[in-house]
Amino acid sequence: VLDGSVITAKRTAAVSAIATKLLMPPFAEVLCILGAGAQAYSHYEILTELFTFKEVVRIWNRTKEKAEKFASSVHGPVRVCCSARDAVVGADVIVTVTMATEPILSGDWVKPGAHINAIGASRPDWRELDDKLMKNCFLFVDSRKAAHTESGDVILSGAEIFAELGEVLKGTKPALPEKTTVFKSLGMAVEDAVAAKFVYDVWSAAN
């Protein structure tokens with residue numbers, strides 16, 4: 001028996017880490033996380049483990065107490081920001097892991113060349129990112145089909161998808177780390193299956 005919640009949190013953050021490695025600007029120094037739930041923890045853990053950011057990680061949550069709890073729970077320095085704007089301005093890598101139904105990230109705040117991992121708003125009528133950001137970025141997705149049926153950020157903005165992440169990994173589409181990029185994550189069943197198999201293989205080897 002495998003815990004689906006843990007598998008989902010870990011594999012989602014792992015895919016975001018791949019996207020970040022490919023798409024973030026060179027010499028990225030500032031990481032910002034909007035949201036303070038389970039996905040915020042898994043993204044913080046893997047991104048701070050794999051990449052070196054010079055500034056203290058910034059976090060914002062609609063409920064400040066939850067952001068403060070996050071800051072005191074993780075292993076490493078975190079700065080709780082009073083607003084999403086304060087957290088975002090100047091950030092090189094931005095992670096949105098909220099339950100927002102209306103945009104909480106404005107294109108006006110985003111530094112040119114920044115990379116955004118958009119994890120929340122997984123329904124066709126939910127948004128995290130505004131139209132200005134969606135239409136002025138290079139948009140990467142895990143699945144075109146899923147993005148066009150499940151992502152309110154994609155559907156409601158009418159943004160054009162530049163590539164699937166798999167196309168970048170295969171070398172058939174460029175990564176464009178010098179541009180402003182958004183990776184819209186919705187998750188794929190194969191990711192859960194592969195992640196679960198890794199866990200099962202380790203367990204099997206030990207037993």
In residues 88-95, what donor-acceptor pairs under 3.5 Å come from side-chain atoms, sequence neighbours left out?
residue : atom : partner : partner atom : Å
Asp92   : OD1  : Lys111  : NZ           : 2.7
Asp92   : OD2  : Glu29   : N            : 2.8
Asp92   : OD2  : Val30   : N            : 2.9

query: Where the side chain of Asp142 meets the backbone of Ser185, is there a donor-acceptor pair that is under 3.5 Å apart?
result: no

- request: Working to the nearest 0.5 Å, report the span between CG of Leu22 and OG1 of Thr181.
  value: 10.0 Å

- prompt: Which heavy atom in Val182 sits nearest to a heavy atom in Ala118, and how many Å separate them?
  reply: CG1-CB, 4.4 Å

query: Using the ring of each side chain (for Trp, its six-membered ring), is Phe70 parallel, tilted or perpendicular to Tyr44, with breaks at 30° and 60°?
result: perpendicular

statement: Pro26 and Pro177 have their tightest heavy-atom pair at CD-O, 4.2 Å

message: Within the structure provided, determine whether Glu160 and Leu139 are in side-chain contact (heavy-atom separation under 4.5 Å).
response: no

- prompt: Could you state the interatomic distance from CG (Leu31) to CG (Asn117), rounded to the nearest 0.5 Å?
  reply: 9.0 Å

field: Selection residues 60-72 - residue pairs positive for side chain to side chain donor-acceptor pair (under 3.5 Å), sequence neighbours left out
entry: none

- request: Spell out, as yes or no, whether a donor-acceptor pair under 3.5 Å connects the side chain of Thr98 to the backbone of Gly35.
  value: no

- line: Looking only at heavy atoms, the pair that brings Ser42 and Ala9 closest together is OG-O, 3.1 Å

- request: With sequence neighbours excluded, tell me which residues meet ring-ring contact (aromatic ring centres under 6.0 Å, His included) with Phe53.
  value: none

- prompt: Tell me, which pairs form a ring-ring contact (aromatic ring centres under 6.0 Å, His included) where one or both residues lie in residues 77-129, sequence neighbours left out?
  reply: none

- request: Compare every heavy atom of Val141 with every heavy atom of Ala147, then report the nearest pair and how far apart it is.
  value: CB-CG1, 3.9 Å

message: Looking at Lys10 and Glu45, is there a salt bridge between them, counting it only when a charged N and a carboxylate O are closer than 4.0 Å?
response: yes

- request: Supply the atom-to-atom distance Lys184 NZ to Ser151 OG, rounded to the nearest 0.5 angstrom.
  value: 4.5 Å

query: Does Glu164 reach the main-chain N or O of Arg144 with its side chain, forming a donor-acceptor pair under 3.5 Å?
result: yes

Side-chain donor or acceptor of Arg58 paired with backbone N/O of Ala87 under 3.5 Å: yes

query: For residues Asn136 and Thr180, is any side-chain donor paired with an opposing acceptor at under 3.5 Å?
result: no

- prompt: With Ser16, which of Lys21, Arg11, His43 fulfils side chain to side chain donor-acceptor pair (under 3.5 Å)?
  reply: His43

query: Do side-chain atoms of Gln39 reach the backbone of Val97 as a donor and acceptor pair under 3.5 angstrom?
result: no

message: For Leu129, is there any backbone N or O sitting under 3.5 Å from a side-chain donor or acceptor partner on Asp153?
response: yes

task: Return the minimal non-hydrogen interatomic distance between Leu186 and Ser122, and the atom names on each side.
output: CD2-CA, 4.0 Å

- prompt: Hydrophobic cluster mates of Ile7, side-chain heavy atoms under 4.5 angstrom, ILVMFWY only, any path?
  reply: Leu2, Val199

message: How long is the straight-line distance from CG of Asp86 back to CZ of Arg79, given to the nearest 0.5 Å?
response: 7.5 Å

- line: Sorted by chain and residue number, the ring-ring contact (aromatic ring centres under 6.0 Å, His included) partners of Tyr200 (sequence neighbours excluded) come out as Trp203

Closest non-hydrogen atom pair between Arg127 and Ala121, with its separation: C-CB, 3.7 Å

field: Between CZ on residue Phe140 and CD1 on residue Ile116, distance to nearest 0.5 Å
entry: 11.5 Å

